[in-house]
Amino acid sequence: EPEVTQTPSHQVTQMGQEVILRCVPISNHLYFYWYRQILGQKVEFLVSFYNNEISEKSEIFDDQFSVERPDGSNFTLKIRSTKLEDSAMYFCASTLQTTGNEQFFGPGTRLTVL
Amino acid sequence: DQQVKQNSPSLSVQEGRISILNCDYTNSMFDYFLWYKKYPAEGPTFLISISSIKDKNEDGRFTVFLNKSAKHLSLHIVPSQPGDSAVYFCAASEQYSGGGADGLTFGKGTHLIIQP
């Protein structure tokens, strides 16, 4: 069964450093998303991406964040200058969105900012 | 601003009985609702969804009920099995008539514990 994959599973970085989180969405899906979950809190939407551009973004997705689909398979989230409060699980998701909005999630990347 | 609320942080149910998980929403623009199941250290797994034009959707042991006037939905699991022990998230989205990709708004989750 096709699935969303994410690398790395755990990333530790120093405050102020740049990180890139990588995702491979399900191959025939058209819409791609990033979400985050701070420990003990709910899953929060960051950004959606369609047709090589951002479709929607939340208030959390400020200028330090960017997304890219550099080739036909990868979808990346870059955090330019990490802060302590960026420590969270980051989930990538994708969907065909032809009949509904069932989004399929990857296993997540745990980002720890020291 | 909690647009999707799951007021029970945890729920304990005996194996074989019915589990009922509840969810309320405040945004009347939401018209598509989903339930996800999550195990520790894994991503959310899609379970079942319902459009606002329906009031019930069934898939095997899982049934979702939607009461639009009350802005309330529930997930019924019958019969409950030990493998159902997980955190269940309710999520909602708006139809985006211009086309595009809607972000889901999640509740805080309910930890379901199935006791043998």
Visitor: May I ask you to check whether over 12 heavy atoms, not counting those of Arg17(B), lie within 6.0 Å of atom CZ?
Guide: no
Visitor: Should Glu102(A) and Tyr32(B) count as side-chain neighbours, where that means a heavy-atom distance under 4.5 Å?
Guide: yes
Visitor: Is atom CD of Glu85(A) surrounded by more than 12 heavy atoms (other residues, nucleotides or ligands) closer than 6.0 Å?
Guide: yes
Visitor: Could you tell me the separation between the OG1 atom of Thr105(B) and the NZ atom of Lys42(A), rounded to the nearest 0.5 Å?
Guide: 7.0 Å
Visitor: If you group Ile, Leu, Val, Met, Phe, Trp and Tyr by side-chain heavy-atom gaps below 4.5 Å, do Val87(B) and Ile20(B) land in one group?
Guide: no
Visitor: With a 4.5 angstrom heavy-atom cut-off, could you sort out which part of Gln37(A) is near chain B: side chain, backbone, both or neither?
Guide: side chain
Visitor: For this output row, return yes or no: ring centroids of Phe106(B) and Phe45(A) closer than 6.0 angstrom.
Guide: no
Visitor: Nearest 0.5 Å, what's the CD-CZ distance between Glu42(B) and Phe105(A)?
Guide: 14.0 Å
Visitor: Mind checking whether Val4(A) and Leu30(A) sit in one hydrophobic cluster, side chains of I, L, V, M, F, W, Y counted as touching below 4.5 Å?
Guide: yes
Visitor: Near Leu39(A) CG, under 6.0 Å, is it more than 12 heavy atoms from other residues, nucleotides or ligands?
Guide: no
Visitor: Just wondering, are more than 12 heavy atoms of other shown residues or ligands nearer than 6.0 Å to CG in Asp63(A)?
Guide: no
Visitor: Checking side chain to side chain contact (heavy atoms under 4.5 Å, CB included) for the pair Gln103(A)/Tyr36(B): CA distance, chi angles, key distance, verdict?
Guide: CA-CA 10 Å; Gln103(A) 297 178 16; Tyr36(B) 283 84; 3.6 Å; yes
Visitor: Pick one of side chain, backbone, both or neither for Leu104(B), based on which atoms fall under 4.5 Å of a heavy atom in chain A.
Guide: both
Visitor: Select one option (side chain, backbone, both, neither) describing which atoms of Ala41(B) are under 4.5 Å from chain A's heavy atoms.
Guide: backbone
